[in-house]
Number of protein chains: 2
Amino acid sequence: MSCGEKLAEELRRKGFRVTPQRGVILETIAHMGDHLSVQEVYSEARERLPGLNIATIYRTLESLHRAGMVDLFYPGSGPTRFTLRDPSAAHGHLVCTECEHVVDIDTDLIGRLVEEVAAETSFFIDPHHLTLLGICDACFQAGRGKRKIS
Amino acid sequence: MSCGEKLAEELRRKGFRVTPQRGVILETIAHMGDHLSVQEVYSEARERLPGLNIATIYRTLESLHRAGMVDLFYPGSGPTRFTLRDPSAAHGHLVCTECEHVVDIDTDLIGRLVEEVAAETSFFIDPHHLTLLGICDACFQAGRGKRKIS
DNA sequence: ATATTAAATGCAAATCTTTGCAACTAAGAA
DNA sequence: TTCTTAGTTGCAAAGATTTGCATTTAATAT
């Protein structure tokens, strides 16, 4: 069973319908890596299924998001991006506002952050949703972070 | 000196120009409270300065952001929102993806999160940029969070 | 005061994202 | 298989955001 078919099955299991459009979109994002924009998926998927409408991409991504299968995140600038969720490991993103570099945060650290916030605020952070903006080490060393840290 | 004038001075001090448009925008957001959308500021500010263009609002907000005077954040849905930064107290936002309620995170907790992430990843989170999505206590109690926490 | 210039504005066009609605169809029931 | 229906699609329009460019102007120097 291909990666796309596995995703299709998971989507169906969560109560969503699997249409040809969604099949193509799933197959596409399963092979395109992380941090995709809607436009990127659109131009790729439309080659496999001409006539595919971009509104369908947006709506499918929202469904996948509601199904807990992809996470959206907002880099400091530019369009929204998203990634396939790895169910075995929650992960978040650290986005450097200087160089736009994206680093993943691992499960353990996320778990600790979630606990810490929950203990103090009774608020349960969604561990798959975490996007933190800041300055990466390289930019900080280069002094490019000073202005922002202030 | 009015709130708006203080902000204008701060902006000038950071190397940005203070135009009549910016004066009006600053005076406006100084009196409109937190979590504003661009459209909200636009309709308010345009009453004080007819002819003001919405692109100017976007660009001014970006400048204020670069100057470290406002923070942008993305609630789960709907347009981007922003708040005047309180220089004395870094604060972040917890946005409930069920009821859209926004809770502020206080300085101390933020400080600890920043340290924790920095220790492990050499990445310095901007403490003024923190927006975390999740489930608030009320929605969690009501069982509305189950689907998302999965 | 006047001149200088980099930054900011307004406008229009481009791009990105969301939404209403009629037509279509996947998935389950009969 | 056929029926049923709620979920999904395409399309077009609306809404949100960004960008290029000619013009204007705030801040600084003269």
Side-chain angles (χ1 to χ4, degrees), chain A residues 4-5 7-26 28 35-46 48-67 69-70 72-82 100, chain B residues 4-5 7-26 28 35-46 48-67 69-70 72-82 97 100 147:
Chain A
E5 282 164 350
L7 293 171
E9 195 159 290
E10 185 179 348
L11 186 60
R12 197 178 287 116
R13 191 154 33 78
K14 302 220 172 160
F16 292 82
R17 288 193 190 163
V18 176
T19 61
Q21 290 88 340
R22 289 184 172 181
V24 168
I25 293 171
L26 288 171
T28 301
H35 306 159
L36 302 170
S37 73
V38 168
Q39 300 293 331
E40 283 162 1
V41 175
Y42 178 51
S43 45
E44 189 74 16
R46 197 173 38 169
R48 304 192 192 207
L49 188 66
L52 179 58
N53 193 281
I54 195 168
T56 300
I57 310 275
Y58 278 99
R59 284 190 279 222
T60 294
L61 285 173
E62 207 222 303
S63 297
L64 289 171
H65 180 59
R66 276 192 291 133
M69 295 170 62
V70 307
L72 308 177
F73 76 102
Y74 304 88
S77 61
T80 303
R81 304 202 154 254
F82 59 92
E100 316 242 314
Chain B
E5 282 165 348
L7 293 171
E9 196 157 290
E10 186 180 348
L11 187 60
R12 196 178 286 116
R13 192 154 33 77
K14 301 219 174 163
F16 292 83
R17 289 192 188 165
V18 176
T19 63
Q21 290 87 342
R22 290 184 172 181
V24 167
I25 293 170
L26 288 171
T28 301
H35 306 159
L36 303 169
S37 73
V38 168
Q39 300 293 331
E40 282 161 0
V41 174
Y42 179 51
S43 45
E44 188 74 17
R46 197 172 41 168
R48 305 191 191 206
L49 187 66
L52 179 59
N53 193 281
I54 196 167
T56 301
I57 310 274
Y58 278 99
R59 283 190 278 224
T60 295
L61 286 174
E62 207 223 303
S63 296
L64 290 171
H65 179 60
R66 277 192 291 133
M69 295 170 63
V70 309
L72 309 177
F73 76 102
Y74 304 87
S77 62
T80 303
R81 307 203 153 254
F82 58 92
T97 51
E100 316 242 315
R147 197 186 58 227

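Just the heavy atoms: all of them, side chains too, but no hydrogens, waters or symmetry mates, feed the values below.
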Are any of [X]'s side-chain N or O atoms less than 4.0 Å away from OP1 or OP2 of [N]?
| X | N | result |
| --- | --- | --- |
| Thr80(B) | dT17(D) | yes |
| Gln39(B) | dA16(D) | yes |
| Gln21(B) | dG10(C) | yes |
| Tyr58(A) | dT18(C) | no |

Round to a whole Å and report the spacing from [atom1] of [X] to [atom2] of [N].
| X | N | atom1 | atom2 | result |
| --- | --- | --- | --- | --- |
| Leu52(B) | dA8(C) | CG | C1' | 12 Å |
| Ile57(A) | dT18(C) | CD1 | P | 13 Å |
| Glu62(B) | dA7(C) | CD | C1' | 13 Å |
| Lys14(B) | dA8(C) | NZ | P | 15 Å |
| Arg59(A) | dG7(D) | CZ | C1' | 11 Å |
| Asn53(B) | dT18(D) | CG | P | 14 Å |
| Phe16(A) | dA6(D) | CZ | C1' | 13 Å |
| Arg12(A) | dT8(D) | CZ | C1' | 14 Å |

Next on the checklist: From the set dG10(C), dT8(D), dA7(C), return the single nucleotide nearest to any side-chain atom of Thr19(A).
Outcome noted: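 Within the option list, the nearest is dT8(D).
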
Checklist entry - dG10(D), dT17(C), dT19(D): which one has an atom nearest the side-chain heavy atoms of Val38(A)? => result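 Comparing dG10(D), dT17(C), dT19(D) against the side chain of Val38(A), the answer is dT17(C).
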
Checklist entry - Do Arg17(B) side-chain and dA7(C) base share a donor-acceptor contact under 3.5 Å? => result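 Side chain to base: pair found, below 3.5 Å.
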
Checklist entry - Between the main-chain N or O of Ser37(A) and the side-chain N or O of Glu40(A), is there a donor-acceptor pair closer than 3.5 Å? => result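 Yes.
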
Item to check | Side chain Arg22(A), main chain Arg17(A), donor-acceptor under 3.5 Å | outcome: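 Yes; at least one donor-acceptor contact below 3.5 Å.
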
Checklist entry - Given the rule in the side-chain contact (heavy atoms from CB on, under 4.5 Å) test, do Ile57(B) and Arg46(B) qualify, once you have shown the distances and angles that lead to the verdict? => result CA-CA 10 Å; Ile57(B) 310 274; Arg46(B) 197 172 41 168; over 6 Å; no

Item to check | Value rounded to 0.5 Å, distance of CG in Leu11(A) from CE in Met69(A) | outcome: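 So the CG of Leu11(A) and the CE of Met69(A) are separated by 5.0 Å.
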
Next on the checklist: Let me spell it out: for each of Ile54(A) and Val18(B), pick the nucleotide of DNA chain D with the closest heavy atom. Which residue's pick is nearer the 5' end?
Outcome noted: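 Comparing both residues, the 5'-ward one is Ile54(A).
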
Next on the checklist: Regarding Glu9(B) and Arg13(B), does a basic nitrogen lie under 4.0 Å from an acidic carboxylate oxygen?
Outcome noted: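 Salt bridge: no.
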
